[in-house]
J.: 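Handing you a structure now.
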Amino acid sequence: MSTQTPGRRVRFDALGIATTDLSASLAFYRRLGLEFPEGAEQASHVEAQVAGGIRLMWDVVPAEEAPAGGGGPQLAFLCDSPAGVDALYAELTDAGYRGTTPPWEAVWGQRYAVVADPDGNGVDLFAPLEAP
């Protein structure tokens with residue numbers, strides 16, 4: 001989405017995530033299909049290009065500077081089917097990530113679930129409900 005003001009154009013370009021454990025955060029997002037350059041875990045700043053040209057960016061912050069309980073961005077990942085939501089939720093929680101909202105049928109017509117990434121940020125998993 002673009003916002004225009006006289007003499008200036010602004011468009012959403014990137015979403016940043018502060019992390020205290022970059023290796024754990026990248027491992028989580030790899031399970032969601034994102035790709036990172038080799039050796040990214042040793043960097044203090046990492047980016048991944050996603051659909052539509054948006055960048056997701058991770059920056060390492062000391063634990064004492066991280067917000068308590070996360071409180072960062074909420075990311076949403078579209079799954080290929082309602083069953084895909086259930087399968088990905090199970091895969092992530094079986095791998096030790098904290099599920100905050102188990103899969104359910106939302107009133108807005110989607111299968112929906114939420115898992116917390118290693119820094120406590122909510123990650124929505126969703127798919128449109130299949131027509132009967």
Side-chain angles (χ1 to χ4, degrees):
M1 176 177 183
S2 256
T3 302
Q4 292 185 2
T5 56
R8 184 172 72 161
R9 260 188 117 147
V10 178
R11 73 176 177 86
F12 180 68
D13 181 68
L15 179 64
I17 298 173
T19 182
T20 59
D21 187 341
L22 186 60
S23 293
S25 192
L26 296 185
F28 176 85
Y29 286 98
R30 277 189 178 107
R31 287 181 175 269
L32 292 170
L34 298 183
E35 297 178 5
F36 303 97
E38 188 172 325
E41 291 78 5
Q42 284 72 47
S44 60
H45 175 86
V46 176
E47 294 187 12
Q49 193 84 25
V50 297
I54 302 298
R55 293 174 300 128
L56 294 180
M57 305 178 301
W58 287 259
D59 289 292
V60 177
V61 297
E64 59 273 7
E65 293 179 23
Q74 188 87 4
L75 305 174
F77 286 80
L78 172 63
C79 298
D80 58 358
S81 67
V85 172
D86 294 4
L88 186 52
Y89 181 87
E91 176 188 330
L92 293 169
T93 56
D94 288 349
Y97 298 105
R98 182 173 57 91
T100 61
T101 306
W104 64 292
E105 291 188 2
V107 297
W108 54 87
Q110 294 176 333
R111 184 76 172 162
Y112 221 89
V114 183
V115 177
D117 77 2
D119 296 293
N121 300 305
V123 176
D124 300 352
L125 310 173
F126 72 98
L129 292 172
E130 296 171 335

J.: Does Met57 belong to the same Ile/Leu/Val/Met/Phe/Trp/Tyr cluster as Val50, with side-chain heavy atoms less than 4.5 Å apart forming each link?
T.: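 Cluster IDs for Met57 and Val50 differ.
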J.: Any idea which heavy atoms bring Ala43 and Val60 closest together, and the distance?
T.: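 Minimum heavy-atom contact is O-CG2, 3.8 Å.
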J.: Between Thr100 (side chain only) and Val114 (backbone N and O only), is there a donor and an acceptor less than 3.5 Å apart?
T.: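 Yes, the answer is positive, given that a donor and an acceptor are paired below the 3.5 Å cut-off.
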J.: Enter the distance from Leu56:CG to Ile17:CD1 here, rounded to the nearest 0.5 Å.
T.: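 Between Leu56 CG and Ile17 CD1, I get 6.0 Å after rounding to 0.5 Å.
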J.: Ignoring hydrogens, what is the shortest heavy-atom contact between Asp119 and Asp21? Give both atom names and the distance.
T.: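 Closest approach of Asp119 to Asp21: OD1-N, 4.2 Å.
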J.: For Pro103 and Val85, which heavy atoms make the closest approach, and how far apart are they?
T.: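 Nearest pair, atom of Pro103 first, then Val85: CB-CG1, 4.4 Å.
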J.: So which atom in Pro102 and which in Ala113 form the shortest heavy-atom distance, rounded to 0.1 Å?
T.: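 Pro102 and Ala113 have their closest heavy atoms at C-CB, 4.1 Å.
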J.: Taking atom OH of Tyr112 and atom CG of Leu129, what is their separation to the nearest 0.5 Å?
T.: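 Nearest 0.5 Å value for the OH-CG distance: 12.5 Å.
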J.: Rounded to the nearest 0.5 Å, what separates atom CZ in Phe77 from atom CG in Leu75?
T.: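 The distance works out to 5.5 Å.
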J.: Please tabulate, for the side chains in residues 22-33, all donor-acceptor contacts under 3.5 angstrom to protein atoms that are two or more places apart in sequence or on a different chain.
T.:
residue, atom, partner, partner atom, Å
Ser25, OG, Trp58, NE1, 3.1
Tyr29, OH, Asp117, OD2, 2.9
Arg30, NH1, Glu41, OE2, 2.5
Arg30, NH2, Glu41, OE2, 3.1
Arg31, NH1, Glu91, OE2, 3.2

J.: Going by side-chain hydrogen bond (donor to acceptor under 3.5 Å, both in side chains), name the residues that satisfy it together with Asp59, two or more places apart in sequence or in a different chain.
T.: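 side-chain hydrogen bond (donor to acceptor under 3.5 Å, both in side chains) check on Asp59 returns His45.
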J.: What's the spacing between Phe36 CZ and Gln49 CD if we round to 0.5 Å?
T.: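 Here the interatomic distance stands at 12.0 Å.
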J.: So does Glu35 have more than 12 non-hydrogen atoms from other groups sitting under 6.0 Å from CD?
T.: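 Counting neighbours around CD of Glu35, 12 or fewer heavy atoms of other residues, nucleotides or ligands fall under 6.0 Å, so no.
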J.: Can you give me the closest heavy-atom contact between Asn121 and Ala18, atom names plus distance?
T.: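 Heavy-atom minimum between the residues: ND2-O, 4.5 Å.
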J.: Can you tell me how far CG of Asp124 sits from CG of Leu78, rounded to the nearest 0.5 angstrom?
T.: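 One finds 11.5 Å between CG of Leu78 and CG of Asp124.
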